[in-house]
Structure formats: C-alpha cells, structure tokens
Amino acid sequence: MDALLKFITCGSVDDGKSTLIGHMLYNAKLLFTDQERALELESKVGSRAGEIDYSLLLDGLMAEREQGITIDVAYRYFTTENRSFIVADTPGHEEYTRNMAVGASFADLAVILVDASQGVLTQTRRHTRICSLMGIKHFVFAINKMDLINYEKAKFDRIVKNIRVLLAEFDYRSAVMIPVSATEGDNITDKSDRMPWFDGPTLLHYLENVDVKENPTETGFTMPVQRVCRPDHTFRGFQGQIESGSVSVGDEITVLPSRETAKVKSIHRGFDEVETATEGQAVNIQLETEIDVSRGCVLIKDTEEYVSHMFEATLLWMDDDKLVEGKNYLLRIGTQKVPATVMSIKYKIDVNSGEELHADAIYKNEIARCDISVATKVVFDKFEKNNGLGSLILIDRVSHMTSACGVVEHPLNRGDNLTWQDTDITREFREHQMGQTARTIWFTGLSGAGKSAMANGIEKRLASEGKHTMLLDGDNIRMGLNKNLGFKEQDRIENIRRIAEVAKLMNDAGLIVLTAFISPFIHDRERAREIIGDSFIEVYVSTPIEECERRDVKGLYKKARAGELDNFTGITSPYEPPLHPEITIDTSEGTLDECIDRLMEQLEGLL
C-alpha cells in the first residue's frame, strides 16, 4: 500500500463535496487552532444559521462562498496516523467540467458524491465517465444527505443498484458505496448510530486502508526528453521524468523516433550521480555516443512504442467553440508539441447510456472518439499501457487555450506504408529553368473586397514580366476539385486544406500561385501556411464590409440580410482578420490599377 493517496471528490452541483472533506478534516482534528476559530467565526455569517459550514474550508474564492458552489479545483494536503493524502475538491457544475477533468488527471481514486434525495444524475454519470477516461480504477460512491431521507436503507439500496448498473460500462478495480451525511458527520470519521444496518467502513477508514497500487502494464524503460542540458563543452545530458521501468549505467537505450542506439554513460538525480533510476524519478542521462536527441524524443529500453502520423483517441471537449472535422490544433503528448488535425469524428458518447452516437460536431463537455493526424511522426502508446505517452491535450492555435484532453486508444496504420518519393527533377531545378522563385500569394478578405480582381491584375502584370503563374479562384475550384463540398464549417476547412495542398504541388512545379479565397478562419490560413511553407505570402484585402456590401456584384449580401443565405461570411458566419499578414491593402482607397501598383511594389522584395 502506498503511503500517499491522491484522490478527487466529484459529483453533481450541491452534492456536498466541499462539506464532506471539510467535515472530515474538522472531525479528524487535522486543523490548526486558528483555522478552527476562523471557520467558526465565518460560519456565523454563512448560510447555515450560525452552525458550522464545513465547505468554507475548501471553497476559498469569494464567488464560491457567495453562490455556495465550487468553481475552481481546491487541493488540500493532510496526514493521519495511518496515511498521507492529497485531495482535489472539484466543481460539480457542468460549466466547470474542464476543472474537474484537471483534478481527475492526477488522482488514483475518485470519491463521487450522490445526493440520496435525488439519486444518480447526469453530472454523476459524466464525472464517472471522465474519471474512467483519465485512468482512475478505484471508486468510492458516498451516498450523501442520508439525513434528508431519514437514513432509510431501502432508498440507499436502490441508489446502490443504479450505481452498479452504471459501473458495468467501465473497467475498474474496486468500488464501494458508503452512506454518509456530510453536514451531520455520519460515517465520515466515525460510525453512525443512525444507520446500524450498514456494516461497512467509515469513509476515512476506507481511504486510510485502500490499496490503489497497480501492477504496471508497461515494464520497459521509457523517458520523454524534456530538456537537453549543456552546461559546458564536456557534458551533454538529457533531462526528463521516467514514465516507466528503470535504467542503469551501461544499459543500451534506443532513441525514438530516430531509433538510434547508445549506452548510458552516467545518471544524475538532483546533484547526485547514481547507478540506477526508476519510474517517477527526474533524472539527467548522459550517453556514451553523441547522437541526435532533442526535446520531444523518447528514450526506451526493453519495450516498443508506436511511432506514427495517425492514431485514434477519445477526447473530452472543453472549448466553447465546437469541434468539427478538419480543424487544426497543437497536440501535446509526452514532451512533444506538434501541429495536428482532427481528421474525423467517429462518434460521440452519450454520458447517460454510453451509447455511440453519430455527430458532425462536438460541443463543450461532450466526449467523442476521433481520428487524429499529426504533421510529423510522434512517439506514443496506448493509454492503458503507458499513461505518460498515452495521454494528450489539444491546444487552440490562436488563443493557446486547452481545447481538449484525451487518451490514445490505438494507432492507425493507414499512412505508415507511405513514403514520399523524391524525384530527380527538383523544385530548385524547375525554378532555375523558369528564372523565378516559386511563391503562393494568398489573397484573403470578405466577399466583394476585390480579391479576385486583384489576383487577376497581379497575374497579368507577372505574366507581362515573363513569369510563370497559376491563378486559383474560389468559384473555379468549387466548380471542379471541390464541387463535393458545401459551406458548413467543416467543408470550408477541407476546402482550404485541399487548395493549400494543390498550391504546394504547383510551387514544387516552380510556379507562382495566386489564390483568391475568403478563407475566413485564422487557423485554416495558418494550416495553409504550414502546408505551403516559407513560400506562403498572405495578402489581406481589408476593404470595409460597407464597401463590399455596396458592390455586392452577386447579390449575396442582400440574400444573407434577408435570411435567404446561411453561413455567409461577414453576415451569418464570422470572418477572422489576419493577425500578421505580409501585406495589407484596402481596395476602397483608390482605383484597381492604383491598388495593383501599390501591391506590386510591396511584392517586389518577396518574389
């Protein structure tokens, strides 16, 4: 049994999570005298008519005390004669599910509270599912507020039956149900005289004695490299935390993804040089041979990890913006951080029934199974085998907020047998032959801003100078290559991705490519920049919407204003202006020829 138990309290709103832990600390005499006195004084102006409000020990934010709910995760450290504990008291409100998931990510055991007067609720099911997703295998269901149902055994038994049905969906090691009253203190630290029919342990007694130590499924050595340590020219070490197994001086290790091998020359833990290091320890490893190792690489021994572009994952979506297929994010897995795309949403999971449901989009607090593709090969493993290399987060590329957390289910091998074929006639050869540098000039702006007119005018100027060009216009592309795409968000994302891939191939052919597309979303244009590379030149045609609407050559703004056109950028769908375009031009500030002259001057140093 581990001396330290890390556990989480969760459940629905107002189930009594903070009160439960507060009462446990108070009854077990785990508070300092000044904390007890402060609690008693604050309770006099609280919501319990002067009686002690134990939740105040955990709810520290003013907004939490005013509303009587938990908003942020509150961590508490305490020690009894038998064990040390770290508890994460998490919010029950659906709005703060992401905070609850953060707490669950660190815990070995979950204490899930259930209101005895209401039974198992949707949020109870959601929290149980999230705990299981985060790898928690040990559960305590505290059936709280037994005083509100007069401590009736029959009602407790009905709730236990419903919990057993719920747990049948999950892979867990242990689960106990304990009837408690957080406000009255029943079965928290001492046995309750009001429930003689219950012969199980008190909550504190169970937590002091439960064994959550798992037999590791991953026995080989794995260590993601977090930092390369180079204090001087005589030492080059690789720092990180050992996720599994052990390593000793003289062991031969393999570096992923390169698969180069080398022997361990020395191991440093803190300021000490040691012969062996084991799971959970932070170390600095020096190798006998100078090989290419950088942050994001993984050192392994006596095991195999996956190295691939694609895998299937289960995600808890935490962003206010919905997830649709084709969206691009930054993926953090281990110490690796790479661009990634959610290729497809296979299904979402109903939090009540566990049923797999079809979904075109995933909204905040929903759980989904998705296929993910990354820009470069990453090292990963199934979460059930290696938590460190099997857990991930997706980060929004613009706001840098965490959009999702999740776990790897298994790799997708569909791209592993593909290899990029280099040709003897290179891009550089074609550029030299044509006497130009291949570029993609990406025009973006509202409908009617003048993108197509500007692109057409620039192409004629370049052609008159003997340049070899190709103009990709939005309408033309949608009438051919992308005729199967609509105008929903996921279709727009795929539309831009395909155009970027075509532009890259044309750049490889040595051509100067001009594109005229609204391309309304920043992350899509950034994805296009990544695909095309250094050849990408973003031109923001910043013509005001009033001028665009005045022109309205196709009558689209009029239809959108009348409600006859859905998903029209600028009216019924947003446009996100570029943050750092190479060139910005407003076509309302002069004639077309004058605007083309100004743009050609700015392009002169870029082509």
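Reckoned from all heavy atoms, side chains included, excluding hydrogens, waters and symmetry mates.
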Exercise. Using atom types as modelled and distance alone, determine if a side-chain donor or acceptor of S132 lies under 3.5 Å from a backbone N or O of T128.
Key: no
Quiz item: Is a side-chain donor or acceptor of K191 paired with a backbone partner of F198 at a separation under 3.5 angstrom?
Solution: yes
Quiz prompt | Under 3.5 Å donor-acceptor, R295 side chain and Q226 backbone | solution = yes
Quiz item: Which pairs pass ring-ring contact (aromatic ring centres under 6.0 Å, His included) with one or both residues in residues 314-370, sequence neighbours excluded?
Solution: W317-Y329
Quiz prompt | Y151/W197 aromatic ring centres below 6.0 Å | solution = no
Practice problem: Check S308 against V374 and note the closest heavy-atom contact, atom names and distance. | Solution: O-CG2, 4.0 Å
Quiz prompt | Side chains of C405 and M318 in contact at under 4.5 Å (non-hydrogen atoms) | solution = yes
Quiz item: Can you tell me if D491 uses its side chain to pair, donor with acceptor, with the backbone of L485 under 3.5 Å?
Solution: no
Quiz prompt | Audit row: T79, S84, side chain to side chain donor-acceptor pair (under 3.5 Å) steps and yes/no | solution = CA-CA 4 Å; T79 301; S84 296; 3.2 Å; yes
Practice problem: Applying side-chain hydrogen bond (donor to acceptor under 3.5 Å, both in side chains), name anything that partners S399, two or more places apart in sequence or on another chain. | Solution: D396
Quiz item: Where the side chain of R173 meets the backbone of F139, is there a donor-acceptor pair that is under 3.5 Å apart?
Solution: no
Quiz item: Ring centroid separation for Y77 and F85, is it under 6.0 angstrom?
Solution: no
Quiz item: Quick one: are L565 and T572 in side-chain contact, heavy atoms under 4.5 Å?
Solution: no
Practice problem: Could you check T335 against R227 for side chain to side chain donor-acceptor pair (under 3.5 Å), going step by step and ending with a plain yes or no? | Solution: CA-CA 9 Å; T335 56; R227 180 175 178 268; over 6 Å; no
Quiz item: Is the shortest heavy-atom distance from the side chain of M100 to the side chain of C131 under 4.5 Å?
Solution: yes
Quiz prompt | Pair listing, salt bridge (Lys or Arg N to Asp or Glu O under 4.0 Å) test, anchored in residues 304-314, at least two apart | solution = R259-E304, E312-K346, E312-R369
Practice problem: Using the salt bridge (Lys or Arg N to Asp or Glu O under 4.0 Å) rule, collect all pairs that involve residues 132-145, keeping only residues at least two apart or in two chains. | Solution: D14-K145, D115-K145, K137-D171
Exercise. Identify the heavy atoms of A340 and I372 that sit nearest to each other, and give their distance.
Key: CB-CG2, 4.1 Å
Quiz item: Under 3.5 Å, side chain of T80 to main-chain N/O of N82, donor-acceptor pair present?
Solution: yes
Self-check item: L204 side chain near I188 side chain, heavy-atom distance below 4.5 Å
Solution: no
Exercise. Determine, stepwise, if the pair F221 / I300 fulfils side chain to side chain contact (heavy atoms under 4.5 Å, CB included).
Key: CA-CA 5 Å; F221 165 74; I300 66 169; 5.5 Å; no
Quiz item: Between A175 and Y172, which heavy-atom pair has the shortest distance, and what is it?
Solution: CB-CE1, 3.7 Å
Self-check item: Side chain E325, main chain I345, donor-acceptor under 3.5 Å
Solution: yes
Exercise. Could you verify whether a donor N or O on one side chain and an acceptor N or O on the other, from N144 and S181, lie under 3.5 Å apart?
Key: no
Exercise. List in chain and number order the residues that pass side chain to side chain contact (heavy atoms under 4.5 Å, CB included) with S373, two or more places apart in sequence or in another chain; answer none if no residue qualifies.
Key: M310, M343
Quiz item: Counting only heavy atoms not in H205, do more than 12 sit closer than 6.0 Å to its NE2 atom?
Solution: no
Quiz item: Hey, does I367 have a side-chain heavy atom less than 4.5 Å from the side chain of L315?
Solution: no
Practice problem: Mind running side chain to side chain donor-acceptor pair (under 3.5 Å) on T341 and N328 for me, showing each step along the way? | Solution: CA-CA 4 Å; T341 303; N328 188 245; 3.0 Å; yes
Practice problem: For a side chain to side chain contact (heavy atoms under 4.5 Å, CB included) with I362, tell me which candidate from V342, L323, V324 qualifies. | Solution: L323
Self-check item: Q123 to G11 - nearest heavy-atom pair and separation
Solution: CG-O, 3.9 Å
Quiz prompt | Ring centers of Y75, F106 separated by less than 6.0 Å | solution = yes
Practice problem: With R129 as reference, evaluate T124, L316, I349 under the side chain to side chain contact (heavy atoms under 4.5 Å, CB included) test and give the passing residue. | Solution: I349
Quiz item: D157: what forms a side-chain hydrogen bond (donor to acceptor under 3.5 Å, both in side chains) with it, not counting sequence neighbours?
Solution: K153
Quiz item: Are R125 and L121 close enough that some pair of their side-chain heavy atoms sits under 4.5 Å apart?
Solution: no
Exercise. Could you tell me whether the side chain of N162 reaches within less than 4.5 Å of the side chain of R164, counting heavy atoms only?
Key: no
Quiz prompt | Heavy-atom closest pair, residues G388 and E243 | solution = CA-OE1, 3.5 Å
Practice problem: Might you point out which heavy atoms bring F156 and I178 nearest each other, and give the distance in Å? | Solution: CE1-C, 4.2 Å
Quiz item: Can you tell me if Q241 uses its side chain to pair, donor with acceptor, with the backbone of V283 under 3.5 Å?
Solution: no
Practice problem: Evaluate the salt bridge (charged side-chain N to carboxylate O under 4.0 Å, His left out) criterion for residues D319 and K364: first the C-alpha distance (whole Å), next the side-chain angles of each, then the deciding distance (0.1 Å), finally the verdict. | Solution: CA-CA 6 Å; D319 204 322; K364 188 175 181 179; over 6 Å; no
Practice problem: Evaluate the side chain to side chain contact (heavy atoms under 4.5 Å, CB included) criterion for residues I86 and R76: first the C-alpha distance (whole Å), next the side-chain angles of each, then the deciding distance (0.1 Å), finally the verdict. | Solution: CA-CA 6 Å; I86 303 176; R76 286 293 180 271; over 6 Å; no
Quiz prompt | R83 side chain vs L207 backbone, donor-acceptor pair below 3.5 Å | solution = yes
Quiz item: Run the side chain to side chain contact (heavy atoms under 4.5 Å, CB included) check on H138 and D108 step by step: do they pass?
Solution: CA-CA 7 Å; H138 301 271; D108 303 312; 5.9 Å; no
Exercise. Verify side chain to side chain donor-acceptor pair (under 3.5 Å) between T222 and S244, making sure each step is shown before the conclusion.
Key: CA-CA 5 Å; T222 59; S244 63; 2.7 Å; yes
Quiz item: Does N187 reach the main-chain N or O of P179 with its side chain, forming a donor-acceptor pair under 3.5 Å?
Solution: yes
